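Note that the structure is a prediction, hence the values are computed from the model and not measured. The sequence lines fix the lettering, A, B, ..., with proteins before strands; numbering per chain opens at 1.
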Amino acid sequence: MCRLHKMLVSLKSSSHNTKHLDQILTQAITTGLIQATPTWNCILRAYAKSPTPIKAILIYNHFTNSNSIHPDSYTFPGLLKACTCLHSIPKGKEVHAHVAKLGLESDVYVQNALVHFYGSTDQIYDARLVFDKMPQRDVASWNSILAAYSSNSMFEALVLFRKMMCERIGADVITLVIILSNLAQVRGGEYGSTIHGFAIKVGFSCILNLGNALMGMYVKYKKMNEALRLFSEMGCRRGVVSYTILINGYVEIGLIDMARGIFDRMVEKDIVLWNSMIRGYVEARRPDEALLLLKKMDNEKVEPDETTVVSVLAACGSLSDLQYGRLVHRSILRNNLRRDVFVGTALIAMYSMSGSIEEAMLTFYKMVDRDVFTWTTMIEGLAHYGYVNEALKLFDQMENDGFGPNEATFVSVLAACRQSGLVNEGCLLFTKMVRIHKIQPKIEHFGCLIDLLSRAGLVDQAEEFVKIMPPGERLVAYKTLLSACMNYSKIGLGLKVADKLYRLGSEDHAVYILLSNFYALAGEWSKVAEMRRNMKSFGMVKEPGISSVEVKT
DNA sequence: TTAGGGTTAG
């Protein structure tokens, strides 16, 4: 009994792996101590924070169904945390009903947890409803509702923050971290300086977490000088998180070697720092250096995690290195890494990019959890290999399985239609995207559709789509349309399009060559001469085309 | 007991 008590006490201070928690649970059941609600709460809370929060819910279900334990106000914060981690909206609502049944509406901890649950599952309206009905609120209540708004609507969050100041609630470090972490949604950056000033005034600026949040804010605004100044001011207080933020900032602005310099100076590197640097090389299109860094990581006996392998697989894909990719796949299985949605999707992308659509499909069908990214990656892979009908079938299956396609999914299927000249299917998909899925078409969607219609000779229909495009993005569309007018000898429309294209004032030599060729076809020789003069006056020289083939021996 | 914080896929 005493040993179990010690174990329960230790649960409060640190997070535990599932195996350790399972042992504690078994012991609590065999000793009968589980019947005591505080013991039960303690175990439930530990599971909620563990890698398997589902067990917290299973324990709750089991004991409440058997009516052997009576939950109290200490039960629900942990339970709601598990619902939040699992993004389980129905379970969270069921728990809310249980809270109401027990009459815990005035418990500030339980109500805060409900606000947090609704806010973290994108149910802002419900979060606000709970918040507004609370008889008492503390700073955590305000922070929870602030966090709910800040990830969606920073403007609303700033209104609330102002209200918090007016009502003299008193912001704490967490309040400022919440505001800072999403502030970059607001253009300008004036608020950032104000909050920085406020943090100095109230004496929070020496707190490491706040320093990091301020650095993160400056990095997001691409104010690297400010971030660097803060980093220097933090002196010995700065930690590995501060280094990671700085590295990410340099990666973001394309100074990868600068990032590497900082990375090499850091003595105590953790896995996130390694991952940031490896990702940086992938982003900088230097995948071979990402793989070299993985080797260095291995030499230094640092175990890669799921995030590492996702980046490494992206590097393999961009190098079309199927052998290395397969090696990474085997190491994922061997090292028992979680085969989650990220890892599975990265494997599909790697196999598709490296020439093995079969292994990509095998991975796709073996996956237990898939999301919109997984489906999109597989659809894109199939379309890329010319399996257009299979790609479109998979798109239907995706919708039937209840996954809402996004912008990228529509780019993939529209590109597939373009590739096979499927005019009706392409038009239907475009309409579906706008009318049913309420997705605002972007230049990529218009590009696919206009190309599809143009290649089929339906230039008048294509022109209708160009008309609804934003004026600043029409250059490529006019080029496509004019080429089609040439191919199908649609001189009348071609003259109109050529005039619009010319008025855009592009300095791209391809535009003037196209215009010159079209006017020659139309017999407008004075215009041909004008285009040639333009090309000369801009000093345009056609760059020789280069193509290469990689031969594997 | 509650809130926030550096890395990951199209």
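- For residues 227-236 of chain A, the set of pairs meeting the salt bridge (Lys or Arg N to Asp or Glu O under 4.0 Å) definition, not counting sequence neighbours, comprises A:Glu226-A:Arg229.
- At whole-Å resolution of the value, CZ in A:Arg339 and P in B:dT8 are 23 Å apart.
- You'll find that the side chain of A:Pro77 is closest to B:dT1, out of B:dA9, B:dA3, B:dT1.
- At whole-Å resolution of the value, CE in A:Met215 and P in B:dG6 are 10 Å apart.
- Comparing B:dA9, B:dT2, B:dT7 against the side chain of A:Asp138 picks out B:dT2 as the nearest.
- Regarding A:Tyr149, its OH atom lies at a distance of 19 Å from the P atom of B:dA3, rounded to whole Å.
- Considering only the side chain of A:Phe373, B:dA9 comes nearest among B:dA9, B:dT1, B:dT8.
- When heavy atoms are screened at a 4.0 angstrom cut-off, A:Thr409 is found touching base atoms of the nucleic acid.
- Remark: P of B:dT8 and CG of A:Asp340 are 14 Å apart, rounded to the nearest angstrom.
- Distance, A:Ile179 CD1 to B:dA3 P: 17 Å, rounded to whole Å.
- Here the nucleotide nearest the side chain of A:Ile245, chosen from B:dT2, B:dG6, B:dG4, is B:dG6.
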Handout entry: Verdict with reasoning, A:Tyr191 to A:His196, per side chain to side chain donor-acceptor pair (under 3.5 Å)
Key = CA-CA 8 Å; A:Tyr191 280 110; A:His196 192 168; over 6 Å; no
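- Proximity of a side-chain donor or acceptor of A:Ser232 to a complementary backbone N or O of A:Leu228 within less than 3.5 Å is detected.
- Note on A:Val372: nothing from the nucleic acid sits closer than 4.0 angstrom, heavy atoms only.
- Side-chain contact of A:Asn112 with A:Asp138: a donor-acceptor pair under 3.5 Å is present, judged by distance alone.
- A sub-4.0 Å separation between OP1 or OP2 of B:dA3 and a side-chain N or O of A:Lys81 is present.
- Among the heavy atoms of the strands, none lies under 4.0 Å from A:Asp305.
- Residue A:Leu293 contributes atom CG, which lies 15 Å from atom P of B:dT8 at whole-angstrom precision.
- A donor atom on one side chain and an acceptor atom on the other are found under 3.5 Å apart for A:Asp172 and A:Asn143.
- Considering only heavy atoms from C-beta on, A:Ser150 stays 4.5 Å or farther from A:Ile179 through its side chain.
- The interatomic distance linking A:Leu44 (CG) with B:dT2 (P) rounds to 12 Å, in whole Å.
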Side chains of residues 288-295 of chain A: which donor-acceptor partners sit under 3.5 Å, not counting sequence neighbours?
{"from": "A:Glu289", "atom 1": "OE1", "to": "A:Arg286", "atom 2": "NH2", "distance (Å)": "3.1"}
{"from": "A:Glu289", "atom 1": "OE2", "to": "A:Arg286", "atom 2": "NE", "distance (Å)": "2.8"}
{"from": "A:Glu289", "atom 1": "OE2", "to": "A:Arg286", "atom 2": "NH2", "distance (Å)": "3.4"}

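- Residue side chain A:Tyr109 meets the stacking definition with respect to B:dT1: its ring centre sits within less than 5.5 angstrom of the base's six-membered ring centre, and the planes differ by less than 30 degrees.
- Closest to the A:Val310 side chain, of the nucleotides B:dT8, B:dG6, B:dT2, is B:dT8.
- Closest approach to the A:Ala147 side chain among B:dG4, B:dA9, B:dG6 is made by B:dG4 (side chain taken as heavy atoms from C-beta onward).
- Contact record, A:Tyr385 with A:Ser354: OH-C, 4.3 Å, taken as the closest heavy-atom pair.
- Among the heavy atoms of the strands lying under 4.0 Å from A:Glu407 is at least one base atom, whether or not backbone atoms are also near.
- Comparing B:dT8, B:dG4, B:dG6 by their closest approach to the side chain of A:Phe342 singles out B:dT8.
- Separating the CG atom of A:Leu208 from the P atom of B:dG6 is a distance of 11 Å, rounded to the nearest angstrom.
- In DNA chain B, no stem built from three or more successive Watson-Crick or G-U pairs (distances below 3.5 Å) is found.
- Applying the side chain to side chain contact (heavy atoms under 4.5 Å, CB included) rule to A:Ser106 yields the partners A:Pro135; only residues at least two apart in sequence or on another chain are considered.
- Listed by chain and residue number, A:Arg279, A:Val282 satisfy the side chain to side chain contact (heavy atoms under 4.5 Å, CB included) test with A:Ala314 (two or more places apart in sequence, or in another chain).
- Contacts of residues 262-278 of chain A with DNA chain B (heavy atom under 4.0 Å): A:Asp270, A:Val272, A:Asn275, A:Ser276.
- Using a 4.0 Å heavy-atom cutoff across all strands shown, A:Asn41 reaches no nucleic acid atom at all.
- Residue-level contact check: A:Thr175 touches neither bases nor backbone, having no heavy atom under 4.0 Å from any strand.
- Note on A:Asn248: only backbone sugar-phosphate atoms sit closer than 4.0 angstrom, heavy atoms only; bases stay farther off.
- Here A:Arg279 reaches the OP1 or OP2 of B:dA9: one of its side-chain N or O atoms lies under 4.0 Å away.
- Of the possible donor and acceptor atoms, one in the side chain of A:Arg370 sits under 3.5 Å from a partner among the backbone N and O of A:Phe364.
- Counting only heavy atoms from C-beta on, A:Val177 has its side chain closest to B:dG4 among B:dG4, B:dA9, B:dT2.
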